[in-house]
Protein chains: 2
Amino acid sequence: MNTVALSALAEPNRLLIVELLRDGPLTVGEVADRLGLRQPQASKHLKVLHEAGIVDMRPEANRRIYRLRPEPLKEIDDWLESFRGLWEARFDHLADYLRELQKGTLPFPFPSKEDES
Amino acid sequence: MNTVALSALAEPNRLLIVELLRDGPLTVGEVADRLGLRQPQASKHLKVLHEAGIVDMRPEANRRIYRLRPEPLKEIDDWLESFRGLWEARFDHLADYLRELQKGTLPFPFPSKEDES
DNA sequence: CATAAATATTCCTTGACAGGAATATTCATT
DNA sequence: AATGAATATTCCTGTCAAGGAATATTTATG
């Protein structure tokens with residue numbers, strides 16, 4: 001998998017920008033206003049998102065309108081698909097599992113997250 | 001959304017570690033071997049993944065066995081769900097759309113990605 | 001043509017992070 | 001107790017990314 005899109009999304013303000021653009025295209029100024037960013041930072045973040053292919057841009061007179069592109073997000077989604085089995089494990093045989101657990105015949109009784117240091 | 005897991009995954013070696021662990025738990029040494037990393041770097045990356053909640057750890061005598069945790073990945077997956085409409089747009093009304101486009105009544109005939117500088 | 005609005009870019013500083021090398025820690029084995 | 005194996009931690013260094021401030025660029029408008 002490509003880590004370019006992930007790096008771009010790992011910055012909190014950029015993640016918020018992406019969530020904003022989910023509801024439709026916005027100009028730089030609108031993004032800056034709604035997130036309380038200074039204009040140059042909004043421009044810079046949008047530039048990073050653009051270079052990562054996460055947004056489109058189209059000039060409209062004075063302004064620049066940025067719009068979300070689906071492809072990189074879909075790519076991450078596709079990657080996650082190969083992990084979906086992890087949390088979609090079925091509970092059809094939960095009773096059986098617990099029985100085995102009690103007999104102490106199972107290999108991996110991991111501690112819960114909370115038990116760890 | 002939380003960016004902790006995203007930051008952890010944005011590092012190429014860590015992303016590879018996660019892909020390795022998809023097929024089952026591994027020790028530090030096994031991770032290092034399979035990715036051609038030095039042991040300390042493997043330990044450090046696993047530490048970051050652990051702090052991000054992406055992996056479990058359980059000591060086994062001399063070794064430490066790391067295992068993937070579903071929760072953070074599922075969290076990202078859930079977040080992406082709100083964007084899925086972007087690439088699952090239906091084409092039922094494509095003909096209508098093209099007709100409107102020809103009449104020049106539509107607001108957003110964006111340039112293609114390739115047209116951009 | 002001068003000015004203002006919207007946006008991009010540059011420069012600077014600071015903090016985080018990754019890898020390398022060395023060392024510390026923990027546990028099993030003899 | 002001494003040694004070795006597996007792992008963690010520390011220290012160092014270089015790189016990179018983010019925000020602030022200032023400035024450049026582009027376009028509309030009077």
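Note that the structure is predicted; figures quoted are calculated from it, not measured. In what follows, chains are A, B, ... by sequence order, proteins preceding strands, each numbered from 1.
The aromatic ring centroids of B/W79 and B/F83 lie less than 6.0 Å from each other.
Legend: residues meeting side-chain hydrogen bond (donor to acceptor under 3.5 Å, both in side chains) with B/S43, ordered by chain and number and at least two apart, are B/Q39. Applying the salt bridge (charged side-chain N to carboxylate O under 4.0 Å, His left out) rule to B/E30 yields no partners; only residues at least two apart in sequence or on another chain are considered.
Note that the CG atom of B/L68 and the CD1 atom of B/I17 stand 11.0 Å from one another [nearest 0.5 Å]. Between A/Y66 atom OH and A/L26 atom CG the span is 12.0 Å, to the nearest 0.5 Å. Considering CE of A/M57 and CZ of A/R64, their distance stands at 4.0 Å, rounded to 0.5 Å.
With B/E60 contributing its side chain and B/R63 its backbone, the two residues share no donor-acceptor pair below 3.5 Å. A donor-acceptor pair is defined here as one N or O able to donate and one able to accept, closer than 3.5 Å; no such pair exists between the side chain of B/R67 and the backbone of B/P25. A donor-acceptor contact shorter than 3.5 Å is absent between the side chain of B/R69 and the backbone of B/I54. Under the 3.5 Å distance criterion, the side-chain polar atoms of B/R58 are left unmatched by any main-chain donor or acceptor of B/I65.
Contact annotation: B/Y66 side-chain N/O to D/dA6 OP1/OP2 distance is not under 4.0 Å. Neither OP1 nor OP2 of C/dT9 sits under 4.0 Å from any side-chain N or O of A/S43.
The salt bridge (charged side-chain N to carboxylate O under 4.0 Å, His left out) contacts involving residues 73-84 of chain B comprise A/D77-B/R84, A/R84-B/D77, B/K74-B/D78, B/D77-B/R84, where partners must be two or more places apart or lie in separate chains.
When the C1' atom of C/dT10 is taken as reference, atom CD of A/Q39 falls 13 Å away, rounded to whole Å. Taking atom NZ of A/K47 as the reference point, atom C1' of D/dA17 lies 13 Å away to the nearest angstrom. If you take CZ of A/R58 and P of C/dT7, they are 13 Å apart, rounded to a whole angstrom. Distance, B/I65 CD1 to D/dT7 C1': 13 Å, rounded to whole Å. D/dA18 atom C1' lies 13 Å from atom CD1 of A/I17, rounded to whole Å. In this structure, B/M57 atom CE and D/dA6 atom P are separated by 17 Å, rounded to whole Å. Between B/E60 atom CD and D/dA6 atom C1' there is a gap of 13 Å when expressed in whole angstrom units. To the nearest angstrom, C1' of C/dA5 lies 8 Å from CZ of A/R63.
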Each nucleotide N or O in nucleotides 25-30 of chain D that has a protein N or O under 3.5 Å away: list the pair and distance.
none

Between the protein and nucleotides 15-20 of chain C, list the N/O to N/O atom pairs that are separated by less than 3.5 angstrom.
unit_1, atom_1, unit_2, atom_2, d
C/dA18, OP1, B/R14, NH1, 3.3
C/dA18, OP1, B/R14, NH2, 2.6
C/dG19, OP1, B/N13, ND2, 2.8
C/dG19, OP2, B/H45, NE2, 2.7
C/dG20, OP2, B/R38, NE, 3.1
C/dG20, N7, B/Q41, NE2, 3.4
C/dG20, O6, B/K44, NZ, 2.7

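Here A/P59 lies out of heavy-atom contact (under 4.0 Å) with every strand.
Axis orientation changes by 10° from one end of the helix from C/dC1-D/dG30 to C/dT30-D/dA1 to the other, with each end axis drawn from 5 pairs and the value rounded to 10°.
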